[in-house]
Amino acid sequence: MPTNRTLTVNGLSIHIAEQGEGPLVLLLHGWPETSHSWRHQMQPLADAGYHVVAPDQRGYGRSDRPEEGDQYTILHLVGDVVGLIDALGAEEAIVVGHDWGAPVAWTTAMLRPDLIRGVAGISVPTAQRSPVPTLSALRQHLGDDFYMLYFQHPGVAEAEFTADLRTTFRKVLGGGSNHPGSTQPPIVPAGSGFLDLFTDPDVLPNWLTEGDIDVAVESFTRSGFTGGLNWFRNMDRNWSLLAPWQGAAITSPTLYLCGEADLTRTFYDAAGIATIASDLRGIIDIPEAGHWVQMERPDDVNTALLDFFKQL
């Protein structure tokens, strides 16, 4: 079973779940998740001979939550990965990221290839830096009501999500995953909320239990949502900070996985990965899976990851 402890990283207390011995594998969750989202990966990867570590990233779960909004830039998040590798006594790591964790993994590989033995992104592909600030690009292509723009207003999404935490996670996790054939990105029209885009299922999908909902409710009762939403609120700042790496490549061995019915497919295009990843080992579509693919189809994800790890 995984054990839990807290490490000091860049002056913050970062909670980790860990299991196994061997080469270090870091599993980076997305929004709105915690290390619990990797519960089906810990044992299989550890059994295969890896030291598997899943942190609650800054702003989430049992890790620290800086009050200042500008403490959640991509450079802070990459710095936490670098600090974790050092705190764990490793010289390098394989980094796997899902959802928002994927850009953290991609960017870590780009900025610190000396530390990254391999990188796998799940759901969110890497992309070339936009010629205009990120939020401007989103407005141009997806309109003012795209959900990431809705998240830019301090307090608004927080009030919506905390009004009924259990309903929030039943909708976001249980009702927000599988969208086969959807071509519509998540748009939040004026007068509506993000949760209006999803239904509260009468019965949870078979990969999600009431116990998992309990864990999410407990975690976000503790942490709130502002820390995680601040990741979105630094998107334009990230665009400015990454200017020195315009056109830079990811040279570490790379893998990309995505559920075939993942809603992110309506606004992210994986076709550009090969223009950035100079050592792309594969793009894998997981059939009959949506956004929470590592929970929905863990055997397929674990097999793909281990096949990739064996090449490194």
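FYI, side chains are in, hydrogens and waters are out, and symmetry mates aren't considered; it's all heavy atoms of this structure. One is the number of the first residue; the rest follow in order along the sequence.
Contact between Pro244 and Leu241 at its shortest, heavy atoms only, is CD-O, 3.2 Å. The two residues Met110 and Ala249 make their nearest non-hydrogen contact at CG-O, 4.0 Å. Shown here for Ser252 and Gly118, the closest heavy-atom pair between the two residues is CB-CA, 4.5 Å. Counting all heavy atoms, side chain and backbone alike, Ala90 lies closest to Leu24 at CB-CD2, 3.7 Å. A pairwise comparison of heavy atoms in Asp236 and Thr134 identifies OD1-N, 3.1 Å as the closest pair. When all heavy atoms are compared, the tightest approach of Phe225 to Pro32 is CE2-CB, 4.3 Å.
With respect to the salt-bridge test (charged N to carboxylate O, under 4.0 angstrom), the residues Glu218 and Arg62 do not qualify. Arg281 and Asp279 are joined by a salt bridge, as a carboxylate oxygen and a charged side-chain nitrogen come within less than 4.0 angstrom of each other. Ionic pairing of Arg166 and Glu210 is present here: one or more N-O contacts between side-chain nitrogen and carboxylate oxygen are shorter than 4.0 angstrom. With respect to Lys171 and Asp200, no salt bridge is recorded, no charged nitrogen being found less than 4.0 Å from a carboxylate O.
Side-chain contact between Trp38 and Val52: absent, with no pair of heavy atoms (C-beta onward) separated by less than 4.5 Å. Side chains of Thr266 and Pro186 form a contact here, defined as non-hydrogen atoms less than 4.5 Å apart. Counting only heavy atoms from C-beta outward, the side chains of Ser37 and His98 never approach each other to under 4.5 Å. Within the 4.5 Å cutoff, the side chain of Gln41 has heavy atoms near those of the Gln294 side chain. Ile74 is not listed as a side-chain neighbour of Trp231, based on a closest heavy-atom distance of 4.5 Å or more. A heavy-atom distance below 4.5 Å is found between the side chains of Arg265 and Asp285. Between Cys258 and Ile122 the shortest side-chain heavy-atom distance does not fall below 4.5 Å. Counting only heavy atoms from C-beta outward, the side chains of Ile276 and Gln128 approach each other to under 4.5 Å.
Judged by distance alone, the side chains of Glu160 and Tyr150 do bring a donor and an acceptor atom under 3.5 Å apart. Between the side chains of Gln152 and Arg233, no donor N or O sits under 3.5 Å from an acceptor N or O. Between Gln43 and Gln19, the side chains place a donor N or O and an acceptor N or O closer than 3.5 Å (distance only, hydrogens not considered). Side chains of His15 and Asn4: a donor on one and an acceptor on the other come within 3.5 Å. Side-chain N/O atoms of Asp99 and Ser123 include no donor and acceptor closer than 3.5 Å. For the residue pair His40/Asn302, the side-chain donor-acceptor check at 3.5 Å is not satisfied. There is no side-chain donor-acceptor pair under 3.5 Å between Ser35 and His29. Of the N and O atoms on the side chains of Asn10 and Asp80, at least one donor lies less than 3.5 Å from an acceptor on the other residue. Of the N and O atoms on the side chains of Thr303 and Asp300, not one donor lies less than 3.5 Å from an acceptor on the other residue.
Interatomic distance, CG of Leu115 versus CG of Leu84, reported as 12.0 Å (0.5 Å rounding).
For Phe232 and Tyr72, the ring centers are positioned 6.0 Å apart or more.
Geometrically, Arg129 engages Trp239 in a cation-pi contact, judged by NZ or CZ lying under 6.0 Å from the ring centre and within 45° of the ring axis.
Counting non-hydrogen atoms of other residues, nucleotides and ligands closer than 6.0 Å to CD of Gln311 gives a total above 12.
Residues Leu280 and Tyr268 are members of one and the same hydrophobic cluster, defined by side-chain heavy-atom contacts under 4.5 angstrom among Ile, Leu, Val, Met, Phe, Trp and Tyr.
When the options Tyr60, Trp100, Phe161 are evaluated for a ring-ring contact (aromatic ring centres under 6.0 Å, His included) with Trp31, the one that passes is Phe161.
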